[in-house]
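Numbering of ligands and ligand atoms starts at 1, following listing order.
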Amino acid sequence: MNTVAQALQVSVLPHAEGIGAEVSGVDLSRPLEKDVFDAVSAAFRDHRLLVFRGQRLSVEQQIAFSERFGVLEDFPDPKDQADGHKTVLRVTNIDRATGNIKPVDDPGHKSFTLGTSSWHIDSSFRTLPSKASMLYALEMPNEGGDTMFADTTLAYDTLSVTRRTELDHMVVIHDFEETRRRHSLPPRPPEVKAATPPARHPLVTEQDNGRRALFIGSHAAGIEGMSYENARTFIDELEAISTQPQFTYRHQWNSGDMIMFDNICVMHQAMPYDLVGSRRLLHRTTVAGDAPLPGVDGFAP
Ligand SMILES: [Fe+2]
């Protein structure tokens, strides 16, 4: 099939309710021709969350597709990596070494499960926040284990001018420890914490296309100039606004589904499933950030 014919096959159908769009006519296992890649990129800019169904992707093919969008983040722990690829994270309750379901009281598994059950933005505690994440479903439970997504761009747009002006030059602190604190998990050892110190970001970020978004989620630990308690209430309010049904999408996974989402403007959370009796395995790739988040009208904390 020639390039033009391939591009013509691409169909982008916005979800009837909530956010994001379904993309069909694209085989992500093959190198994307320029026109197809441009069509997918344009859809991603417009919708910030794209669903591709019925894919069959090897780890290498997922990496190849993801790398079209930038340099991928590394996941340092070998036991979390898919087939030894440091840029592919196993999101799962299955132990890689044994193939068995992990014990629910395994500390690492417990903290991961609790952490991902809150609305969050992957790696928002990094100084250079990651741009996008791709999740590819391999094994899914018959019931539960959905993922919810919430678009803070749309939420920001609904705020009053007064409220937007109030938020536009605030500085939010993101700290990995905050998510552990929220779930009453013990702090990590000082030498581990030192590797991911808290990061300062604009609370409202402005994208290249002028769209503005709230940069919040469970790692958001404070607002500069506010007490911890007041900041928590403030951030929780913004989260409640952002996660109203009209700004969200709930994905019920089937094996072969791939979702890519904007990891700055879109929060996500994993929904519960039977951790003991059901197997769930997704592969995540994440496009690393290469610059601090831009604030409104050039604001830089
Ligand atoms: Fe996540």
Scan His201, His219, His120 and name whichever one has a ring-ring contact (aromatic ring centres under 6.0 Å, His included) with Phe125. His219

Where Phe75 and Gln81 come nearest, the two heavy atoms and their spacing: O-NE2, 2.6 Å

Which atom pair, heavy atoms only, marks the closest approach of Ser242 to Met267? CB-CE, 4.0 Å

Tabulate below the donor-acceptor pairs under 3.5 Å that side-chain atoms of residues 210-217 make, not counting sequence neighbours, or state none.
{"from": "Arg211", "atom 1": "NH2", "to": "Asp157", "atom 2": "OD2", "distance (Å)": "2.6"}
{"from": "Arg212", "atom 1": "NE", "to": "Glu206", "atom 2": "OE1", "distance (Å)": "2.8"}
{"from": "Arg212", "atom 1": "NH1", "to": "Asp168", "atom 2": "OD2", "distance (Å)": "3.4"}
{"from": "Arg212", "atom 1": "NH2", "to": "Glu206", "atom 2": "OE1", "distance (Å)": "3.0"}

With Thr116, which residues qualify under side chain to side chain donor-acceptor pair (under 3.5 Å), at least two apart? none

Given a cut-off of 2.8 Å, the protein N, O or S atoms lying below it from the Fe ion (ligand 1) are His120 NE2, Asp122 OD1, His268 NE2

With a cutoff of under 4.5 Å between side-chain heavy atoms, which Ile, Leu, Val, Met, Phe, Trp and Tyr residues group with Tyr228? none

